[in-house]
Number of protein chains: 2
Amino acid sequence: MLQYQAEPLDLAFQALSDPGRRAMIERLSLGPASVSELAKPLPMTLSAVVQHLKVLEEAGLVKSEKVGRVRTCTLEIRTMTRVERWIAERKRFWEQQYDQLEAYLAQAAPKEEDK
Amino acid sequence: MLQYQAEPLDLAFQALSDPGRRAMIERLSLGPASVSELAKPLPMTLSAVVQHLKVLEEAGLVKSEKVGRVRTCTLEIRTMTRVERWIAERKRFWEQQYDQLEAYLAQAAPKEEDK
DNA sequence: TAAATACTTAAGTCAATGCTACAGTATCAA
DNA sequence: TTGATACTGTAGCATTGACTTAAGTATTTA
């Protein structure tokens with residue numbers, strides 16, 4: 001699947017496709033948290049959470065720093081924005097095309113209210 | 001991975017994580033297309049494209065209809081919007097929290113310009 | 001200093017993915 | 001009716017992915 005050079009968007013969408021990882025992102029959108037805080041509500045071992053965290057960090061969606069024995073994680077909002085933007089752009093093209101159709105229909109058979 | 005009941009967002013993010021499938025979405029954002037039109041620019045067999053198409057349809061990102069021997073595919077903009085919204089909401093929470101921090105800092109040590 | 005805490009790392013397992021090849025099945029066109 | 005089009009469907013294969021268990025390593029706390 002990702003045996004070629006994976007691009008940023010591949011990694012981000014892939015990371016967001018897992019409900020556990022999305023739960024972690026949801027928690028982090030409320031503010032920084034430690035690894036065990038992220039793990040607490042999830043039905044899996046700490047080990048698994050650490051692995052999910054790695055996926056999120058490699059996707060650039062989360063960054064973390066260790067102080068003492070606690071690793072604190074924070075959301076990387078810029079990557080979220082990049083993902084949002086990709087979708088917004090596709091929607092924009094779609095709507096443009098839709099507008100063109102409307103314009104065409106309007107000139108072909110103008111509605112009363114548009115005359 | 002998806003051995004439990006997969007939710008809509010799981011499927012959508014998963015579908016969007018593949019560059020080939022994103023290319024198909026990009027093409028469809030410009031307007032409807034047949035399966036072979038979608039396949040033409042992609043470095044894989046038609047068979048593979050059909051399989052990707054199935055993933056996109058199951059995620060609700062694309063719908064298609066067959067007329068004669070041609071299957072025409074169109075983008076399902078509403079699912080795109082749902083994905084966009086999930087991200088926008090996380091960003092909103094994040095920014096709220098950021099605003100609160102700013103407000104706190106402002107009352108703790110007001111800057112000249114804010115007095 | 002001994003015990004608890006908070007991770008960290010490495011196997012190992014098993015299902016899910018992304019392909020290709022190959023063998024169809026309906027249209028449509030001459 | 002013969003051939004080309006435009007898919008469709010399935011088997012097989014190599015990778016990836018999402019865990020768990022088990023065995024650490026630093027830091028704090030008592």
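Note that these values count all heavy atoms, side chains included, but never hydrogens, waters or copies made by symmetry.
Rounding to the nearest 0.5 angstrom, the gap separating the CD atom in B:Gln51 from the OG1 atom in B:Thr45 is 7.5 Å. A distance of 8.5 Å separates CZ in B:Arg82 from CG in B:Leu9, rounded to the nearest 0.5 Å.
Distance B:Glu57 CD to D:dC7 C1': 13 Å, rounded to the nearest Å. Put simply, CG on B:Leu42 is 14 Å from P on C:dG18, counting in whole angstrom units. Rounded to an integer number of Å, the gap from A:Asp10 CG to C:dT17 P is 16 Å. In this structure, A:Lys54 places its NZ atom 15 Å from P of D:dC19, rounding to the nearest Å. Whole-Å rounding puts the A:Asp18 CG to C:dA15 C1' distance at 14 Å. Between the CD atom of B:Glu65 and the P atom of D:dA6 there is a distance of 18 Å, given to the nearest Å. With rounding to whole Å, B:Phe13 atom CZ is found 15 Å from D:dA18 atom P. Residue A:Leu56 contributes atom CG, which lies 13 Å from atom C1' of D:dA18 at whole-angstrom precision.
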**Q.** Protein proximity profile, nucleotides 7-12 of chain C - base contact B, sugar-phosphate-only contact S, no contact -, cut-off 4.0 Å on heavy atoms
**A.** BSBB--
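Just one of A:Glu84, A:Arg90, A:Lys91 meets the side-chain contact (heavy atoms from CB on, under 4.5 Å) condition when paired with A:Ile87; it is A:Lys91.
The heavy-atom pair separating B:Glu58 from B:Leu11 by the smallest distance is O-CD1, 3.8 Å.
Side-chain N or O atoms of A:Arg22 include one that pairs as donor or acceptor with a backbone N or O of A:Leu16 at under 3.5 Å.
Note on A:Arg71 versus A:Glu65: no salt bridge recorded, every NZ/NE/NH1/NH2 to OD/OE distance being 4.0 Å or above.
Of the side-chain N and O atoms in A:His52, none sit less than 4.0 angstrom from OP1 or OP2 of D:dG17.
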Report all side-chain donor-acceptor pairs from residues 25-34 of chain A shorter than 3.5 Å, counting only partners two or more places apart or in another chain.
{"residue": "A:Glu26", "atom": "OE2", "partner": "B:Trp86", "partner atom": "NE1", "Å": "2.9"}
{"residue": "A:Arg27", "atom": "NH1", "partner": "A:Gly31", "partner atom": "O", "Å": "3.0"}
{"residue": "A:Arg27", "atom": "NH2", "partner": "A:Pro32", "partner atom": "O", "Å": "3.4"}
{"residue": "A:Ser29", "atom": "OG", "partner": "A:Glu26", "partner atom": "O", "Å": "2.7"}
{"residue": "A:Ser34", "atom": "OG", "partner": "A:Glu37", "partner atom": "N", "Å": "3.2"}

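Residues A:Met44 and A:Val67 both approach DNA chain D. Their nearest nucleotides, taken by heavy-atom distance, put A:Met44 toward the 5′ side. With the nearest nucleotide of DNA chain D identified for both A:Thr45 and A:Gly68, A:Thr45 has the one nearer the 5' end.
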